[in-house]
Amino acid sequence: MAYFPMFVDMTERECLIVGGGNVAYRKVMVMLDFGAKVTVVAEDICDELRKLTIDDTANKENRITFIKRRFERKDCDGMEIVIAATDDNALNHEIAEYCKAKGIMVNAVDQKADCSFIFPSYIKEKNLVAAFSSSGNSPVLTQYLKGKEKEILTPFLGELNEYMGQIREKVIAEYDTEAERKRVFKEILCAAIDNGRIPEI
């Protein structure tokens, strides 16, 4: 069965990542990219994660916390999302079962049956995001789609999306009907794309 696509505001939401390897690092970077507050629990961490403890902006903003020890079930308490990213499948399963019993959304990396949600392949340009999921069947296919979408979803469109957001309230205030607003937004969008530049506010 296909997974339901749902975009969630992760700003300042508590996320636990169990594991300190390269897979955990990639999940940390995804969650930070969307504004979450991340806690990493691991006995040891890879060089990339170690660098985050020294000079990364997220660390300075108190958006990431490292706890160097073995995972304990209580680590999940109070978390909104948990990611089990260890190299121990049995431990990942234990974490997933505990989270499901507690009603916590959980992802166990590469263990689809243990997941209550899965990560899509995604492209993000500022606040414009496109995501693809194969429901865990074929990560290679979603990476292919991501590569194709990169040709369309460019940094320019990310900037244009920011501009459209800035003028949205003004257009809504000036035009009474939904049809008029849609026409104006479409005209602005098409003109910007045709000219290859963002209009001035």
Side-chain angles (χ1 to χ4, degrees), residues 1-124 127 129-140 142-143 146:
M1 181 177 292
Y3 283 72
F4 176 70
M6 181 173 66
F7 287 88
V8 178
D9 182 5
M10 288 302 301
T11 307
E12 296 297 310
R13 294 197 174 194
E14 298 287 348
C15 171
L16 171 68
I17 298 179
V18 184
N22 291 326
V23 173
Y25 169 73
R26 291 196 294 272
K27 300 306 182 187
V28 166
M29 297 309 294
V30 169
M31 300 312 293
L32 291 178
D33 193 24
F34 286 90
K37 293 185 71 174
V38 178
T39 299
V40 177
V41 174
E43 292 184 87
D44 194 20
I45 58 176
C46 64
D47 291 340
E48 288 81 3
L49 283 172
R50 195 168 290 110
K51 289 175 184 176
L52 292 181
T53 69
I54 300 172
D55 57 6
D56 190 80
T57 302
N59 191 49
K60 294 176 183 177
E61 295 175 352
N62 295 319
R63 287 180 51 215
I64 185 165
T65 301
F66 291 93
I67 301 175
K68 190 175 181 179
R69 60 162 168 74
R70 288 182 60 82
F71 165 78
E72 298 176 7
R73 288 189 172 191
K74 65 180 182 180
D75 296 329
C76 299
D77 297 342
M79 296 293 170
E80 297 187 61
I81 283 182
V82 173
I83 301 165
T86 77
D87 57 3
D88 183 337
N89 289 350
L91 176 57
N92 290 343
H93 176 73
E94 176 190 333
I95 294 168
E97 289 295 295
Y98 180 79
C99 288
K100 289 177 181 179
K102 292 284 187 177
I104 302 169
M105 295 291 288
V106 62
N107 174 273
V109 176
D110 292 333
Q111 295 174 223
K112 181 180 174 182
D114 287 321
C115 297
S116 55
F117 77 96
I118 59 175
F119 282 88
S121 293
Y122 75 93
I123 304 168
K124 180 173 178 284
N127 289 323
V129 181
F132 305 93
S133 169
S134 65
S135 298
N137 291 336
S138 178
V140 171
T142 59
Q143 287 297 320
K146 178 179 176 179

For residues 95-117, the ring pair (Phe, Tyr, Trp, His ring centres under 6.0 Å) pairs (sequence neighbours left out) are F117-F119
Take V106 and D114 through the test side chain to side chain contact (heavy atoms under 4.5 Å, CB included) and record every step on the way to the result.
CA-CA 8 Å; V106 62; D114 287 321; over 6 Å; no
Mind checking the CD1-SG spacing from I104 to C15? Nearest 0.5 Å is all I need.
11.5 Å
Pairwise distance CD1(I118) to CG(N137) - rounded to 0.5 angstrom:
8.5 Å
Which heavy atom of [X] sits nearest to which heavy atom of [Y], and what is that distance?
| X | Y | result |
| --- | --- | --- |
| S134 | P139 | OG-N, 4.0 Å |
| F71 | I95 | CE2-CG1, 3.5 Å |
| K112 | G136 | CD-CA, 4.4 Å |

Sequence neighbours excluded and cut-off under 3.5 Å, please list the side-chain donor-acceptor pairs for residues 19-42, or say none.
from, atom 1, to, atom 2, distance (Å)
D33, OD1, K124, NZ, 3.4
D33, OD2, Y122, OH, 3.1

Any P120 side-chain heavy atom under 4.5 Å of T142 side chain
no
Give a yes or no on this: more than 12 heavy atoms of other residues, nucleotides or ligands lie within 6.0 Å of atom CG of D87.
no
Does a sphere of radius 6.0 Å around NZ in K68 hold more than 12 heavy atoms from other residues, nucleotides or ligands, not counting ones at 6.0 Å or beyond?
no
Apply side chain to side chain contact (heavy atoms under 4.5 Å, CB included) to [X] and list each qualifying residue two or more places apart in sequence or on a separate chain.
| X | value |
| --- | --- |
| D47 | R50 |
| T86 | V18, D88, L91, N92 |
| D110 | none |

I need the full list of salt bridge (charged side-chain N to carboxylate O under 4.0 Å, His left out) pairs touching residues 99-108, with sequence neighbours left out, sorted by first then second residue.
none
Just jot down the salt bridge (charged side-chain N to carboxylate O under 4.0 Å, His left out) partners of D75, sequence neighbours excluded, or say none.
R69
Under the salt bridge (charged side-chain N to carboxylate O under 4.0 Å, His left out) rule, collect the residues that match up with E97, sequence neighbours excluded.
none
Using the side-chain hydrogen bond (donor to acceptor under 3.5 Å, both in side chains) criterion, which residues pair with S133? Sequence neighbours excluded.
none
Taking only residues two or more places apart in sequence or in another chain, which ones pass side-chain hydrogen bond (donor to acceptor under 3.5 Å, both in side chains) with E48?
none
By the definition side chain to side chain contact (heavy atoms under 4.5 Å, CB included), identify the one residue from D77, I83, V82, I81 that meets it with M79.
V82
Anything under 3.5 Å between a donor and an acceptor, one on a side chain of residues 5-14, the other on a protein residue two or more places apart or in another chain? List them.
from, atom 1, to, atom 2, distance (Å)
D9, OD1, T11, N, 3.0
D9, OD1, T11, OG1, 2.7
R13, NE, D9, O, 3.0

